[in-house]
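These notes concern the structure reproduced below.
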Amino acid sequence: MRRAMNVRPGRGGRLLLAIVPFLILAAVYVLGSAERRAANPNDKLLPPVSEMAATTSRMAFEPDKRTGEITLVADTLASLQRLALGLGFATLAGLVLGVALGVLPVVGAGGGALVAVISMIPPMAILPILFIIFGLGELSKVILIVIGVAPPIVRDIAMTVQSIPTEQLVKAQTLGASTWTTIVRVVLPQVLPRLIELVRLQIGPAFLFLIAAEAIASDSGLGYRIFLVRRYLAMDVILPYVAWITLIAFVLDLLLARLARSAFAWAYVGERR
Amino acid sequence: MRRAMNVRPGRGGRLLLAIVPFLILAAVYVLGSAERRAANPNDKLLPPVSEMAATTSRMAFEPDKRTGEITLVADTLASLQRLALGLGFATLAGLVLGVALGVLPVVGAGGGALVAVISMIPPMAILPILFIIFGLGELSKVILIVIGVAPPIVRDIAMTVQSIPTEQLVKAQTLGASTWTTIVRVVLPQVLPRLIELVRLQIGPAFLFLIAAEAIASDSGLGYRIFLVRRYLAMDVILPYVAWITLIAFVLDLLLARLARSAFAWAYVGERR
Amino acid sequence: MSAISVQNVWAEFGDQIVIENLNLEVASGSFLSVVGPSGCGKSTFLRMVLGQDRPSRGTLLLAGKPLPVEPDADRGVVFQRYSVFPHLTVLGNVLLAYELGQSRVLGRLFGAARRRALEKSEELVTAVGLGPHRDKHPSALSGGMQQRLAIAQALAKDPKVLLLDEPFGALDPGTRAQMHALLKPLWERLGMTVIMVTHDLKEAFNLGTRVVAFDKVRHDPQAPGRFGARVTYDLDLTRHGPVPVLGFPKKHAEAAR
Amino acid sequence: MSAISVQNVWAEFGDQIVIENLNLEVASGSFLSVVGPSGCGKSTFLRMVLGQDRPSRGTLLLAGKPLPVEPDADRGVVFQRYSVFPHLTVLGNVLLAYELGQSRVLGRLFGAARRRALEKSEELVTAVGLGPHRDKHPSALSGGMQQRLAIAQALAKDPKVLLLDEPFGALDPGTRAQMHALLKPLWERLGMTVIMVTHDLKEAFNLGTRVVAFDKVRHDPQAPGRFGARVTYDLDLTRHGPVPVLGFPKKHAEAAR
Amino acid sequence: AEAAPKKSFEIAWTIYVGWMPWPYAADAGIVKKWADKYSIEIKVTQINDYVESINQYTAGKFDGVTLTNMDALTIPAAGGVDTTAIIVGDFSNGNDGIISKKAKSLKELKGKSINLVELSVSHYLLARALEANGMSEKDVKVINTSDADIVGAFKAPDVEQVVTWNPLLAEVKAEPGASELFDSSKIPGEIIDTLGVNTETLKDNPDFGKALAGIWYDTMKAMAGAGGKEAREAMAKLSGTDLAGFDAQLAATKLFSSSADAVAFTESPDLVKTMDLVRSFSFEHGLLGEGAKSKDAVGIAFAGGKTLGDEKNVKLRFDPTFMKMAADGKL
Ligand SMILES: Nc1ncnc2c1ncn2[C@@H]1O[C@H](COP(=O)(O)OP(=O)(O)OP(=O)(O)O)[C@@H](O)[C@H]1O
Ligand SMILES: Nc1ncnc2c1ncn2[C@@H]1O[C@H](COP(=O)(O)OP(=O)(O)OP(=O)(O)O)[C@@H](O)[C@H]1O
Ligand SMILES: [Mg+2]
Ligand SMILES: [Mg+2]
């Protein structure tokens with residue numbers, strides 16, 4: 001008997017193993033839905049798959065009568081734009097601030113506590129303030145994402161920078177590097193893979209904040225739609241929308257993972273599997 | 001001129017640098033508040049510090065007329081209990097699942113994709129389902145925190161496990177370790193410092209989900225209060241509560257950081273500052 | 001019996017051939033020194049004997065039976081790096097070797113068993129010259145001291161086969177001599193089969209009963225990965241009488257390259 | 001001129017005294033080998049000369065002036081580990097040495113300047129025997145090859161003072177000889193002052209014009225950190241005529257310990 | 001107090017049966033027609049979250065907002081933003097209700113917990129219902145529940161009763177076994193839906209008020225007249241339901257389709273009584289703010305110069321002037 005830790009499934013086995021849990025979940029849902037429908041034919045909570053499919057196809061392919069737009073497409077585009085702006089700004093801010101905090105002891109001392117405190121402020125709680133400062137337009141939605149997502153990126157990037165062996169920073173200086181060129185040529189390239197990893201980790205929270213912002217003030221977007229129909233518990237809309245959001249997030253995650261592995265192959269050589 | 005990266009402030013300098021940004025923020029608030037008050041003496045948006053202090057002292061020291069409890073204390077206790085349960089379960093689940101995913105290739109293959117997908121589901125969007133399954137009481141609030149916070153912990157712990165040099169796992173096996181004892185004596189102790197770090201990173205999100213859960217259905221708690229008084233824009237309550245939450249989160253963070261550094265001193269030897 | 005038999009073994013990483021059709025019979029109880037230029041696949045060979053890597057082709061036998069395909073307590077190892085546990089003190093690292101073998105549930109010993117293991121651990125720690133550092137964590141040790149610890153840890157298991165990957169590469173000559181003096185009697189007493197990779201020819205000849213050199217026989221400058229290493233030199237020192245201790249005949253060294 | 005003067009220098013980490021009142025005059029252009037037992041503070045001494053650590057007491061002078069308190073291009077270094085950049089290829093690592101010095105804004109060279117730097121880098125890479133590996137990342141290199149790369153990188157800057165911390169510790173003898181052959185003429189041609197920490201006495205005597213040994217003179221078994229290391233042996237090899245290349249008188253080695 | 005005449009105005013609305021005429025008017029060009037008549041611009045903006053829309057108005061981002069009489073008192077007025085209810089559109093006449101899965105009468109609620117949006121008109125309705133049955137709020141346990149989740153909450157096993165408004169009320173009522181214990185038709189005229197406008201803006205720009213009144217009663221006509229069905233269908237669509245659902249909600253709403261009725265309601269002394277009840281409730285629940293020493297802290301002015309509370313601090317005004325102009329055809 002080999003030790004469990006040494007049992008490595010082959011390619012086919014891994015694929016199979018990855019799929020099985022999803023199949024189980026799907027089966028549980030179908031059974032639960034059927035049961036509730038049997039008890040109450042009007043049950044809205046766990047609509048059967050057929051009903052969700054019908055709703056989805058209506059939202060994804062038929063233009064809305066009033067606006068003439070295809071609802072799902074319009075919602076997705078609106079949300080993705082906000083998400084991209086929010087995540088983009090947050091990533092940029094996170095990188096710049098994180099590197100500054102990590103490389104420059106003076107900035108680290110001055111900003112470290114501030115960032116630590118800011119990252120602890122629950123963004124939802126200050127949402128009313130944000131809306132009042134930035135209005136109810138696109139800006140406040142993007143800002144909420146930035147406020148929610150940037151602080152953890154800043155803190156983690158700062159930590160990543162500090163985990164670069166001192167030897168390397170010293171070596172760079174002996175090669176004639178200034179603080180700036182050390183950052184540009186030594187610190188930044190080594191931090192980028194982690195940055196992508198962080199963006200991946202923040203996709204979930206970013207969607208969370210996006211949905212929260214869209215729930216309160218918006219006229220389009222995935223979160224807007226979910227909260228609009230949530231009042232009527234229209235799970236036949238909510239569940240496909242949640243699945244769609246999850247799929248988008250998952251694909252984004254996958255793309256970023258691919259990007260990181262192709263752009264920064266050197267950082268992934270040590271991976272065991 | 002020394003390079004900026006080599007300029008290290010002394011003890012006093014670091015303290016000063018840490019305080020200055022907070023003073024600036026406070027000054028900006030006081031000025032803004034004074035300006036708004038000058039325009040509208042009843043302005044609720046940026047109440048002066050004196051007013052917030054009065055409200056705070058009333059909520060923190062005088063028993064509520066209706067319930068006889070001291071509001072702030074009751075809210076804090078209710079919230080902290082939920083937070084502790086939620087974070088506790090999430091941490092435990094994160095550790096167990098993360099280690100299993102990281103150490104056992106079969107579990108990694110089977111659960112990796114599932115956890116990745118689950119971590120992408122926006123927890124807020126599936127709240128109605130949680131209500132039905134777990135009711136509207138304490139349980140569903142704790143579960144929301146667990147669902148929101150556990151997946152990132154699982155994923156990160158799995159990554160941490162995978163970054164332990166293969167040499168060590170091989171070495172443990174040559175010392176006669178089984179998979180289980182490798183986990184107990186080699187993997188777990190090396191993962192614990194990161195676990196504490198992760199809990200620290202998740203304090204923010206945990207508060208976020210706590211507040212969201214309390215906003216939706218509750219009769220006590222910090223988030224409950226904030227969303228209740230939001231109804232009449234009582235910023236003199238909201239701002240001190242936000243500050244209080246931030247303080248609690250910050251102190252928790254600090255305590256965990258201390259704990260990690262005293263319990264796992266070996267993991268922090270490499271720290272440069 | 002712990003003879004190792006290497007039959008037509010290849011090691012390939014994608015396109016790159018590292019070891020090419022290796023054949024080697026290592027007698028039970030012998031001390032095999034492996035030398036060769038940097039990057040020629042010595043560590044790769046060691047990993048295969050250990051059960052950590054599997055050869056892409058060929059067979060490895062231990063005492064006539066296929067080599068267990070995963071590492072076990074019969075084969076001890078000291079790697080070039082990362083082979084001590086950063087979360088344990090010096091003493092804890094050695095103690096762990098006893099605990100892992102004896103306690104299957106907690107991986108920890110208590111009471112008398114622990115005291116006995118602790119005594120043995122302390123002996124070993126002192127033997128490798130880490131006595132005054134027994135309560136330090138590896139990160140507080142210099143590179144050399146870390147390797148000494150790793151050696152003590154591996155020896156604690158009295159393994160049948162001991163695999164060493166440049167274990168003494170980072171030690172200063174005095175400590176190195178101490179380690180030799182510790183390792184050699186142990187090897188003789190326990191009848192371990194030892195395979196040691198080293199860059200130091202003197203050491204190879206000093207400790208080994210047999211020295212093999214790995215190297216590429218053919219070389220394609222356009223495609224460095226095209227051809228792998230083989231055994232280019234194989235010297236049984238037992239046949240030549242006592243091994244020179246303070247130096248060795250220059251022709252050996254040159255022949256071995 | 002690049003004479004180094006070490007005056008009453010102490011290195012203390014909290015309670016632990018690592019170096020105790022060190023005094024040393026290193027002549028400009030000399031090659032100083034530093035030997036000593038593991039953990040005695042050789043690396044600590046090197047870090048102080050480099051400007052990375054500051055002595056807890058005492059003064060360090062370079063050419064009569066206080067030593068710049070931070071590392072600069074005048075003092076090259078090769079560490080025991082971590083001194084190559086994992087995100088750059090072999091060639092990129094060496095090229096970086098030229099780019100960092102010449103391009104203050106982007107840290108990158110373009111056009112003709114880049115071609116010139118590339119040429120010089122390729123020369124160096126080939127000289128240290130990494131020609132076939134020029135496009136690999138450090139993680140794909142064996143430990144020895146990584147160190148060779150680090151040496152090439154440091155040499156690229158033609159530093160006035162070159163500090164080496166066991167740079168050849170992980171190299172096999174053949175490559176080590178190549179590195180010696182590369183380093184020695186460079187040192188002679190450029191008039192660098194070299195301080196090299198090594199565990200290999202033969203190497204110390206082979207390359208150095210002067211060998212000093214660090215060791216603790218006093219020792220308190222109850223408190224290992226109570227006393228620090230000092231220079232216990234100091235030998236100027238230039239005074240004794242040609243340095244033995246293939247071996248060295250046994251009494252030197254023993255006296256140095 | 002900027003007297004510079006404004007040219008463009010923005011009002012915010014949220015989905016509720018009594019406010020659906022506003023988006024319809026915007027879509028149907030009625031808003032543009034009246035704005036053009038007074039050469040101003042009026043933008044009608046939807047906000048998802050009701051409280052947020054009032055907060056935004058209070059912070060000065062909007063010139064007017066759709067809100068209830070109670071929220072007008074507790075949010076903008078208590079926050080020092082002088083607000084005029086220039087259009088009293090309707091009152092809830094069954095649109096708010098208390099629903100229970102088990103209880104058949106209010107008396108049975110003693111000691112039970114009730115999920116509702118705390119401090120909202122639902123809360124007020126509950127307080128009035130308990131009062132009418134000789135109980136007080138102390139006899140029950142109130143659990144604050146967000147309006148977006150009240151329908152889902154009612155499906156949870158541990159939730160037995162909720163207080164809510166339409167269209168959520170209809171959803172909850174449809175649940176098997178649900179029964180309505182009390183509704184707003186038993187306290188007619190107490191939950192009033194209005195359009196509140198910043199008093200200062202209105203004073204400086206009476207044309208804005210005239211245009212709003214014109215828009216509103218034009219829309220009322222459109223809803224009632226021959227094309228009424230079409231208008232109601234559009235409103236139903238906008239509020240996420242169908243004509244039948246919308247008509248059912250309308251049936252529970254006393255919509256003042258004629259301006260004369262609205263004027264009469266606004267001028268009636270009953271409104272003063274209602275507002276006294278509302279301000280008592282608000283003060284007891286701390287809604288008038290930290291500085292309020294009594295329920296008199298915020299003054300309320302009515303038609304004909306009547307006031308309640310602090311006359312020097314009148315912040316909420318029920319002003320039938322513009323509705324009267326509409327009734328008199330003077331717009
Ligand atoms: N996992 C791997 N993937 C790809 N190539 C590898 C891998 N492991 C080793 N190699 C390659 O195999 C060759 C031999 O590596 P190995 O570490 O066995 O050399 P070595 O003889 O131990 O060298 P050194 O004496 O410097 O330690 C190297 O060229 C290396 O690039
Ligand atoms: N940052 C530090 N904090 C505390 N102790 C340290 C630190 N750096 C070094 N030491 C201690 O100083 C002593 C000397 O370390 P150093 O690395 O200089 O030794 P070395 O002579 O280079 O050893 P080796 O030959 O094994 O590399 C060691 O005992 C070590 O524990
Ligand atoms: Mg090797
Ligand atoms: Mg050293």
Side-chain angles (χ1 to χ4, degrees), chain B residues 36-37 39-48 50-59 64-68 71 124 126-140 212-221 223-238, chain E residues 1 49-52 54-60 70-71 73-82 113-120 123 137-138 141-159 162 200 282 284-292 297-298 313 315:
Chain B
R36 281 193 76 96
R37 275 286 147 133
N40 169 7
N42 281 324
D43 178 65
K44 282 178 153 186
L45 197 66
L46 299 182
S50 62
E51 196 169 297
M52 285 198 280
T55 309
T56 310
S57 93
R58 188 172 52 78
M59 305 204 90
D64 184 76
K65 272 169 257 155
R66 252 176 347 129
T67 60
T71 315
M124 268 17 158
I126 54 165
L127 261 181
I129 300 177
L130 292 187
F131 287 159
I132 310 307
I133 301 177
F134 302 106
L136 226 60
E138 296 300 291
L139 185 61
S140 63
E214 289 181 342
I216 282 167
S218 185
D219 57 358
S220 65
Y224 159 79
R225 193 73 48 195
I226 288 179
F227 273 76
L228 185 65
V229 304
R230 183 176 88 102
R231 252 207 108 75
Y232 53 103
L233 207 66
M235 298 304 283
D236 57 333
V237 176
I238 294 181
Chain E
D49 189 274
Y50 171 60
V51 171
E52 198 50 51
I54 307 175
N55 285 347
Q56 289 284 320
Y57 162 77
T58 308
M70 182 172 122
D71 296 316
L73 174 67
T74 58
I75 306 175
V81 175
D82 195 334
S113 41
I114 301 169
N115 291 67
L116 49 77
V117 181
E118 227 177 296
L119 308 184
S120 71
H123 199 171
E137 246 192 276
K138 286 205 174 67
K141 190 158 182 269
V142 167
I143 296 175
N144 186 38
T145 306
S146 134
D147 53 339
D149 292 292
I150 218 127
V151 178
F154 195 64
K155 298 210 183 237
D158 56 344
V159 173
V162 300
E200 224 163 82
S282 302
E284 277 158 22
H285 288 85
L287 302 186
L288 297 186
E290 195 49 34
V298 180
N313 188 33
K315 291 294 178 195

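Naming convention: chains lettered A, B, ... in sequence-line order (proteins, then strands); numbering from 1 in each chain. Atoms considered below: every heavy atom in the structure, side chains included; atoms not considered: hydrogens, waters and symmetry mates.
Considering only heavy-atom pairs separated by less than 4.5 Å from chain B, the leading option among E/Asp158, E/Val51, E/Asn144 is E/Asn144. The residue among B/Val229, B/Ile133, B/Ile216 with the most heavy atom pairs within less than 4.5 Å of chain E is B/Ile216. Put simply, of B/Ala217, B/Gly137, B/Ala39, the one with the most heavy-atom pairs under 4.5 Å next to chain E is B/Ala217. Top candidate by heavy-atom pairs under 4.5 Å with chain B, chosen from E/Val159, E/Val117, E/Asp71, E/Leu287, is E/Leu287. Per-residue counts of heavy-atom pairs under 4.5 Å with chain B were compared for E/Ser120, E/Ser146, E/Gly79; the largest is that of E/Gly79. Between chain B and the residues E/Ala153, E/Gly152, E/Ser282, the most heavy-atom pairs under 4.5 angstrom are made by E/Ala153.
Using a 4.5 Å cut-off between heavy atoms, E/Ser113 does not touch chain B at all. Neither the backbone nor the side chain of E/Glu284 comes within contact range of chain B, judged by heavy atoms closer than 4.5 Å. The contact between B/Ala215 and chain E is made entirely by backbone atoms, counting heavy-atom distances below 4.5 Å. Both the backbone and the side chain of B/Arg230 come within less than 4.5 Å of a heavy atom of chain E. Proximity to chain B is absent for every atom of E/Asp147, based on heavy atoms less than 4.5 angstrom apart. Heavy atoms of E/Asp82 lying under 4.5 Å from chain B are absent altogether. Proximity to chain B (any heavy atom under 4.5 Å) is shown, for E/Val151, by neither the backbone nor the side chain.
The line from OH of B/Tyr224 to CD1 of E/Ile143 is 9.5 Å long, rounded to the nearest 0.5 Å.
A heavy-atom distance below 4.5 Å is not found between the side chains of E/Val142 and B/Asp219. B/Leu136 has its side chain within reach of E/Asn115: a pair of non-hydrogen atoms, C-beta onward, lies under 4.5 Å apart.
Between E/Pro157 and B/Gly135, the shortest heavy-atom contact is CD-CA, 4.5 Å.
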